[in-house]
Amino acid sequence: MRRVKRRTSALQGLAVAAICILFVATALVGLYKCFSKEPEPRRELSQSSPDGGSAQEPEDGGAVQPVSARARKERFHTILIGGLDDENGGSDTNLLVAVDAKNGKINVASLPRDTLLNVSWSVKKLNNAYHHGGFSQTMAEVSRLLGIPVDHYVTVNLQAFVELVDAIEGVDFEIPVDMDYDDPSQDLHIHFSKGLQHLDGQQSLEVVRWRQNNDGAGYPTADIGRIGTQQAFLRAVAEQTLQLSNWDKVGAMADIFKKWVDTDLELANLIWLGEQALTVGSGGIAFHTLPGDGAGYYKGGSYYVLDPEAVLEMVNSYFNPYQEDLTLDDMVILVP
């Protein structure tokens, strides 16, 4: 049972490197085809996602949020990106992206898989929402948790990871620690020395999968340390993808996109988003992690327990699509 948990945890974040490449690929296709279209934002925050998922009643008896009629910021869009793991049947990677086209900013927040939700389920973790209604349920819970609408979704099958990195002929990446791990049962062997390395797709997969060595040595902050490595990897991918030398790889990236990605966005919308990424550049993409305690507990279970005040500050600063600030009353955060 422990081995299954380690594998599932290790797969957290494998879609991270896909995000920038997907946006850039669609942008390049757009420049080639000469058309794009800004997405239509959701005008109200309801308790269901666009494809049917409904947020659960809070366990503590609190009320479900009312529909919001607040005025929205111009050209501000929220997108939930999920990395789907077919073998384990869930969404272990969830990234909230806010595209602020008016101000030329893109913010990405990693939502830890063990985030404590205020739901009636016995296992109240964010990644468990997928098992209660697919990715539409995940969207509904993120929306209710943070008090904001999730306008659109993009899900990426994790098999896309290797192909995407190989499509740009590898990534130069500063590996933060020595990695030495072997699991013969999975035919998994991860061996890298700390320092700058040029990684192909399979090697990149191994680096972001790594959690700890066989002797127990790992990131001091566990999953949060791994999220930091994944975000640093995305920065490296962004910097190397946003180069003119990759323009001739548009066809290969577009094929990978069509094969492994599902979204409610139209191609023209994706092209528009890609153009924003090109305009902003890698320096205009900022990464965050939902604030909380990875060593938290609730009713005897281990959870990532959120810091409500810090979450409120982060959402209002980077992810709030409304013209007025949110309050804690707008969010449904369970505090042990």
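Computation of the quantities below employed the complete heavy-atom set of this structure, encompassing side-chain atoms and omitting hydrogens, waters and symmetry-equivalent molecules.
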Checking side-chain contact (heavy atoms from CB on, under 4.5 Å) against Phe135, which of Val154, Asn94, Asp262 comes through? Asn94
Atom of Asp151, atom of His77 and distance for their closest heavy-atom approach: OD2-CA, 3.4 Å
Determine yes or no for a side-chain-to-main-chain donor-acceptor pair under 3.5 angstrom, with His152 supplying the side chain and Glu40 the backbone. yes
Donor-acceptor pairs under 3.5 angstrom involving side-chain atoms of residues 288-295: please list them, not counting sequence neighbours.
from, atom 1, to, atom 2, distance (Å)
His288, NE2, Asn107, OD1, 2.7
Thr289, OG1, Gln231, NE2, 3.4
Asp293, OD1, Ala295, N, 2.9

Given Phe173 and Ser204, is the side chain to side chain contact (heavy atoms under 4.5 Å, CB included) satisfied, shown in steps? CA-CA 9 Å; Phe173 184 64; Ser204 299; over 6 Å; no
Kindly state each residue pair satisfying side chain to side chain donor-acceptor pair (under 3.5 Å) with at least one member in residues 303-318, sequence neighbours excluded. Asn316-Asn320
Could you check if a side-chain atom of Val119 sits within less than 4.5 angstrom of a side-chain atom of Leu334, using non-hydrogen atoms only? no
Minimum heavy-atom distance between Val335 and Pro308, given as atom pair plus value: CG2-CG, 3.6 Å
Minimum side-chain heavy-atom gap Leu326-Ile148 below 4.5 Å: yes
Is it true that Leu328 and Val315 fall in one hydrophobic cluster, defined by side-chain heavy atoms closer than 4.5 Å? yes
ILVMFWY cluster, Tyr297 and Leu117 together (side-chain gap under 4.5 Å): no
Decide yes or no for Leu146 and Phe319: does some side-chain heavy atom of the first lie under 4.5 Å from some side-chain heavy atom of the second? no
Considering residues at least two apart in sequence or located in another chain, which fulfil the side chain to side chain contact (heavy atoms under 4.5 Å, CB included) criterion with Glu174? Leu196
Locate the shortest heavy-atom distance separating Gly296 from Val305; write the atom from each residue and the value. CA-CG2, 3.8 Å
Is the ring pair Trp121/His132 parallel, tilted or perpendicular, if the boundaries are 30 and 60 degrees? parallel
For residues Lys37 and Glu266, report the shortest heavy-atom separation together with the two atoms involved. NZ-OE1, 3.9 Å
Taking all non-hydrogen atoms of both residues into account, name the closest pair between Gln212 and Tyr181 and its distance. O-CD1, 3.4 Å
How long is the straight-line distance from OG of Ser122 back to CG of Asn128, given to the nearest 0.5 Å? 7.0 Å
How about Asp182 and His191: do any of their side-chain heavy atoms sit closer than 4.5 Å? yes
So that I can tick it off, tell me whether Asp114 and Lys125 are bridged by a salt bridge, with the cut-off set at under 4.0 angstrom between side-chain N and carboxylate O. yes
How far apart are the C-alpha atoms of Leu306 and Leu145, what are their side-chain angles, what is the distance that settles it, and do they pass the side chain to side chain contact (heavy atoms under 4.5 Å, CB included) test? CA-CA 10 Å; Leu306 297 182; Leu145 179 73; 3.9 Å; yes
Least distance between heavy atoms, Ile285 atom then Val108 atom: CG2-CG2, 4.2 Å
Counting only heavy atoms from other residues, nucleotides and ligands, does the tally under 6.0 Å from NZ of Lys105 exceed 12? no
